[in-house]
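A note on names: the letters A, B, ... follow the listed sequences, proteins ahead of strands, and every chain is numbered from 1.
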There are 2 protein chains.
Amino acid sequence: MKSSELSTEDKILLAASKIFTAKGYAGTRTRDIAEEAGINLALLNYYFRTKEKLFEQVMKVKIVLLFGQIIPIVMSEKSSLEDKIDQASEKYFEIFIKNPNLPIFVLSEIHKKTSDIKTILPFDKVLKNSVLMKQIQEKKPDLDPFHFLLNFLSMTIFPFLGKPILLSFDLMNEPEFQKFVEERKTLVPVWMKMMLNN
Amino acid sequence: MKSSELSTEDKILLAASKIFTAKGYAGTRTRDIAEEAGINLALLNYYFRTKEKLFEQVMKVKIVLLFGQIIPIVMSEKSSLEDKIDQASEKYFEIFIKNPNLPIFVLSEIHKKTSDIKTILPFDKVLKNSVLMKQIQEKKPDLDPFHFLLNFLSMTIFPFLGKPILLSFDLMNEPEFQKFVEERKTLVPVWMKMMLNN
DNA sequence: GTCTATAGGCCGATAGAC
DNA sequence: GTCTATCGGCCTATAGAC
């Protein structure tokens, strides 16, 4: 897929995604996005009007990538709780191995700009009455399902958030990190099921 | 402790800490720091020369706050592994309840600026041959100690990283979050010991 | 649609008075 | 040490030619 096959608009979006993700909103210059996209600064404004509007488009895609993909898993009537854990783990590690900067980008930008993600994705309604929540409560009534879910997200996402620290402190190098994450893909479900059965 | 009791230098540092933590390096204006400190922009430069140098001072304090406090716990020859878990959990939740933005600030700024934290705190040397690492390996030889440590840090830190998301999605409100975190202070050690004994 | 050139404002840093 | 005033540069956004 060469860049010449993409529309100008998509080239800009792709470049914006890359640079916003690396440097954050405030740290990004529209000039850099234009250069990365191989076009002129004026053209960027021709397509997206302002830096802010371009950012919102990128953010929307990232939110959906981060939270949208597991909605079908969470809502499925057919799969068991154990299957959901396996599937969600598989899915998330796949996403984060491809997009290692996705979590830190979304978390830090939401922290700074309080963009209204609820209008992008009504995740609260999906989750609160989901099949998944019922299954957790049934399996282990004495455990707040939110603790369970947070534990899952923690153990899955956190290694990617902490990656720069692990590398800076020389606790791992890049290939070791890859291996480490690959191991967790199967270990996290084991730990989660342990919490359910004890 | 009124602000008039602080030296001008400390007033600036305090203001800088607050605003850098909220908006990140790139999103912060030195004018805002000066205003927050109740002094003039010129005076800020008189004390710290540049924005960059001021930031480094703040960052150094944050790194030590985030990683320095648990070094004595990790290295103690006297305490058992179980005690270390309890103490570290207690300590970290105390730090994060007081400084909820600390983790996201440090993680996102290190991601963007690759500041050399190893020179600030030689954490790798401390950790790699620590009593804690030996105790984990002894207790559960088939488990990579790094997985264990990451799990602990994940479950402790992640709720604070995800707080803006939880609130944005209306999954919790502020008092519910406080209660949630308070619960985890005792639950995380329970889960960690579960992983050790299964 | 795409470019060059530039307006217009913001921000970090400094000069210089007190 | 602390202030006011201002410089010089950078960055977003736009005007206008092609």
* Asked: Of A:Ala42 and A:Arg29, whose nearest nucleotide on DNA chain D comes first from the 5' end?
  ->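 With A:Ala42 and A:Arg29 compared, the 5'-side residue is A:Arg29.
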
Tell me the interatomic distance from [X], atom [atom1], to [N], atom [atom2], rounded to whole angstroms.
X       : N      : atom1 : atom2 : answer
B:Arg31 : C:dA13 : CZ    : P     : 11 Å
B:Asp10 : D:dG1  : CG    : P     : 13 Å
B:Leu44 : D:dG1  : CG    : P     : 15 Å
B:Tyr46 : D:dC3  : OH    : P     : 12 Å
B:Ile12 : D:dT2  : CD1   : C1'   : 11 Å
B:Lys51 : C:dA13 : NZ    : P     : 8 Å
A:Asn40 : D:dC18 : CG    : C1'   : 14 Å
A:Asn45 : C:dC3  : CG    : C1'   : 13 Å

* To do: Choose from C:dT14, D:dA13, D:dT2 the nucleotide whose nearest atom is closest to any side-chain atom of B:Leu43.
  =>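 Nearest to the side chain of B:Leu43 among the choices is D:dT2.
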
* Asked: The side chain of A:Arg49 lies closest to which of these nucleotides: C:dT14, C:dC3, D:dT14?
  ->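 Ranking C:dT14, C:dC3, D:dT14 by closest atom to the A:Arg49 side chain puts D:dT14 first.
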
* For A:Glu182 and A:Gln178, does a side-chain donor sit closer than 3.5 Å to a side-chain acceptor? ->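 No donor-acceptor contact under 3.5 Å links the two side chains.
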
* To do: State whether a side-chain donor-acceptor pair under 3.5 Å links B:Tyr92 with B:Gln69.
  =>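 No, no side-chain donor-acceptor pair sits under 3.5 Å.
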
* With a 4.5 Å heavy-atom cut-off, do A:Ser168 and B:Ile110 have their side chains touching? ->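 They are in side-chain contact.
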
* Asked: Would you say B:Thr8 reaches D:dT2's phosphate, i.e. side-chain N/O to OP1/OP2 under 4.0 Å?
  ->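 For B:Thr8, the contact criterion (side-chain N or O under 4.0 Å from OP1 or OP2 of D:dT2) is met.
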
* Would you tell me if any nitrogen or oxygen in the side chain of B:Thr30 comes within less than 4.0 Å of OP1 or OP2 on C:dC11? =>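 Checking B:Thr30 against C:dC11: no side-chain N or O falls below 4.0 Å of OP1 or OP2.
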
* **Centroid-centroid distance, B:Phe105 to B:Phe20, less than 6.0 Å** =>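 Not under 6.0 Å, so no.
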
